[in-house]
Amino acid sequence: MHFLFVADPLEQFKIYKDTTFSMMREAQRRGHKLSACVPQDLTWQRGRPVVAKVREITLTGEPDWFREEAVIERPLHAFDAVLMRKDPPFDAEYIYATHLLEQAEREGARVINRPRALRDHPEKLAIMEFAEYTTPTLVTRDPAAVRAFHAEHQDIILKPLDGMGGMGIFRVRSDGLNLGSIVETLNRHGEETIMVQRFVPEITKGDKRILVIAGQPVPFSLARIPQGSEVRGNLAAGGKGVAQPLTDQDRRIAEAIGPVLSARGLLLIGLDVIGNALTEINVTSPTCFQEITEQTGFDVPAMFIDALEAELR
């Protein structure tokens with residue numbers, strides 16, 4: 001089969017930890033062909049299918065980790081699968097890309113995760129449907145509502161809705177120091193909606209990434225543990241990743257949410273759980289395949305490509 005990965009530029013990949021790279025490596029190991037493009041390469045014109053200028057590649061295992069075999073314009077429906085792996089931000093350009101990919105679906109392309117499902121499940125807001133598993137959470141533009149939430153819960157986390165890797169996350173303790181300034185910065189004086197959550201002290205034990213593939217949880221999570229005085233566990237913010245077996249509550253959350261979202265076309269999701277509380281549902285480009293595989297021996301890329309092949313069959 002021939003797979004197209006819509007992702008960030010290949011030259012930016014950190015292959016020692018990149019999940020998309022691990023998918024590519026496992027797919028090539030099984031004999032599948034690989035192509036890649038960035039969302040900017042997607043084009044539609046009336047009377048023609050959605051096309052992309054793609055780079056046909058072979059992974060080499062050398063310091064220059066891929067070899068470009070050809071650059072060619074191809075319709076997306078000519079591939080056996082199109083894997084949307086573009087990192088956030090979940091901005092207007094990302095949404096436009098999902099519309100192009102959805103048009104390609106109408107023309108016969110198999111797109112994973114499904115474009116409509118990506119749009120319908122923004123990563124911060126998707127938890128609203130599963131509120132019974134979350135920490136107390138507020139979504140608002142209203143500074144007064146934030147202040148009331150802080151007065152009730154005393155120790156809170158504030159975050160933008162379109163960030164990734166821990167970007168723009170603030171903690172405000174009971175003294176309320178800088179709360180007003182932080183709210184103004186994040187919601188741009190009422191122009192943008194933000195999320196506020198009660199602080200979960202178990203963050204000291206890690207922000208757990210639970211991967212769910214075709215509705216089934218990977219049996220190990222990656223606990224991303226904050227280092228030093230940092231409150232964020234994200235690996236991009238310097239957190240230490242420690243793989244560990246799922247707890248009973250981890251599994252309950254994954255088994256409740258995974259099949260629901262899988263049925264909507266989300267073959268791969270990443271649940272973020274702190275303590276026993278769900279904090280985010282990642283659907284755009286969930287990561288941590290390599291860290292879990294290297295620390296536990298459980299082959300996450302193989303589980304994913306197994307599920308992808310089964311989906312295509």
Side-chain angles (χ1 to χ4, degrees), residues 1-42 50-88 97 101 104 109-113 118 164-165 209 211-214 218 220 222 235-236 241 243 267-270 282-313:
M1 288 188 271
H2 193 170
F3 300 153
L4 171 64
F5 290 81
V6 183
D8 291 293
L10 300 177
E11 288 78 9
Q12 295 179 11
F13 281 29
K14 297 180 174 66
I15 63 169
Y16 67 91
K17 67 173 185 176
D18 193 278
T19 288
T20 303
F21 168 74
S22 74
M23 293 174 174
M24 291 177 168
R25 183 172 55 190
E26 177 62 19
Q28 179 173 286
R29 189 187 68 80
R30 299 183 186 203
H32 301 304
K33 291 181 61 178
L34 306 176
S35 289
C37 72
V38 294
Q40 297 94 303
D41 293 325
L42 302 174
V50 176
V51 300
K53 184 181 292 184
V54 306
R55 306 167 75 178
E56 295 183 352
I57 62 171
T58 300
L59 307 190
T60 63
E62 300 170 359
D64 296 327
W65 61 273
F66 70 94
R67 181 174 63 248
E68 186 175 277
E69 307 292 358
V71 177
I72 187 170
E73 186 179 271
R74 296 192 64 183
L76 268 60
H77 64 68
F79 295 93
D80 294 285
V82 177
L83 290 90
M84 178 52 161
R85 291 286 303 170
K86 174 69 177 71
D87 282 342
L101 292 170
R110 299 292 297 276
V111 184
I112 294 165
N113 286 323
L118 290 173
M164 66 167 289
R209 168 59 53 82
L211 295 166
V212 185
I213 298 172
V218 171
F220 298 91
L222 190 75
L235 300 183
L267 185 71
L268 171 63
I269 63 173
N282 294 266
V283 301
T284 54
S285 57
T287 60
C288 301
F289 278 31
Q290 293 205 61
E291 294 89 345
I292 292 173
T293 299
E294 289 166 4
Q295 293 185 37
T296 69
F298 183 88
D299 196 333
V300 185
M303 179 179 175
F304 176 76
I305 299 298
D306 282 345
L308 176 60
E309 290 172 341
E311 178 82 6
L312 297 176
R313 285 195 296 269

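The structure presented is a predicted model; accordingly, all values stated were derived computationally and were not measured. Position 1 is the first residue of the sequence, and the numbers go up from there. All values below come from the heavy atoms of this structure, side chains included, with hydrogens, waters and symmetry mates left out.
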### Query
Less than 4.5 Å apart, any side-chain heavy atom of F304 and any of L211?
no
### Task
Mind checking the CD1-CG spacing from I112 to L118? Nearest 0.5 Å is all I need.
11.0 Å
### Message
I want to check something: taking the side chain as every heavy atom from C-beta on, are L76 and L42 in contact at a cut-off of under 4.5 Å?
### Response
yes
### Query
If you round to the nearest 0.5 Å, how far is OG1 of T296 from CD of E291?
11.0 Å
### Message
To the nearest 0.5 Å, what is the distance between CG on L308 and CE on M1?
### Response
6.5 Å
### Task
Please check if the side chain of Q295 supplies one atom and the backbone of A243 the other of a donor-acceptor pair under 3.5 Å.
yes
### Message
Strictly distance-based, threshold 3.5 Å: is any side-chain N or O of R25 a donor or acceptor partner for the main-chain N or O of G61?
### Response
no
### Task
Please examine the side chains of M23 and P301, heavy atoms only from C-beta on, and report whether any two atoms are closer than 4.5 Å.
no
### Message
For the backbone of L268 and the side chain of N113, can you confirm whether one donor and one acceptor N or O come within less than 3.5 Å of each other?
### Response
yes
#### Entry: Non-hydrogen side-chain atoms of D306 and I213 separated by less than 4.5 Å
no
### Message
Is the ring pair F298/F220 parallel, tilted or perpendicular, if the boundaries are 30 and 60 degrees?
### Response
tilted
### Message
Keeping Q28 on the side-chain end and L59 on the backbone end, is there a donor-acceptor pair under 3.5 Å?
### Response
yes
## Note on the structure
Shortest non-hydrogen pair, E311 vs R110, comes out as O-NH2, 3.0 Å
#### Entry: Minimal non-hydrogen separation, P39 against A97, with atom names
CB-CB, 4.2 Å
### Query
Salt bridge between E309 and R30, side-chain N to carboxylate O under 4.0 Å?
yes
### From OG (S285) to CG (L83), nearest 0.5 Å
12.0 Å
### Query
side-chain hydrogen bond (donor to acceptor under 3.5 Å, both in side chains) between Q290 and S22: does it pass, once the steps are laid out?
CA-CA 7 Å; Q290 293 205 61; S22 74; 5.1 Å; no
### Query
Which heavy atom in C288 sits nearest to a heavy atom in L222, and how many Å separate them?
SG-CD2, 3.6 Å
### Query
Can you find a heavy atom in the side chain of H32 that is under 4.5 Å from one in the side chain of D80?
no
### Residue from T60, T58, I57 passing side-chain contact (heavy atoms from CB on, under 4.5 Å) with F66
I57
### Message
Please determine whether a side-chain nitrogen of the Lys or Arg among R74 and D41 lies less than 4.0 Å from a carboxylate oxygen of the Asp or Glu.
### Response
no
### Task
Could you go through the side chain to side chain contact (heavy atoms under 4.5 Å, CB included) check for F5 and L10 one step at a time?
CA-CA 10 Å; F5 290 81; L10 300 177; over 6 Å; no
### Task
Answer whether the closest heavy-atom distance between the side chains of F3 and L312 falls below 4.5 Å.
yes
### Message
Donor-acceptor check, side chain of T19 to backbone of F289, threshold 3.5 angstrom: yes or no?
### Response
yes
#### Entry: Heavy-atom closest contact (G270 atom, R209 atom, distance)
CA-CD, 3.7 Å
### Point-to-point distance, once rounded to the nearest 0.5 Å, from CE of M303 to CD1 of I305
12.5 Å
### Query
Among T284, T20, D8, which one satisfies side-chain hydrogen bond (donor to acceptor under 3.5 Å, both in side chains) with K86?
D8
### From CD (E69) to CD (E56), nearest 0.5 Å
8.0 Å
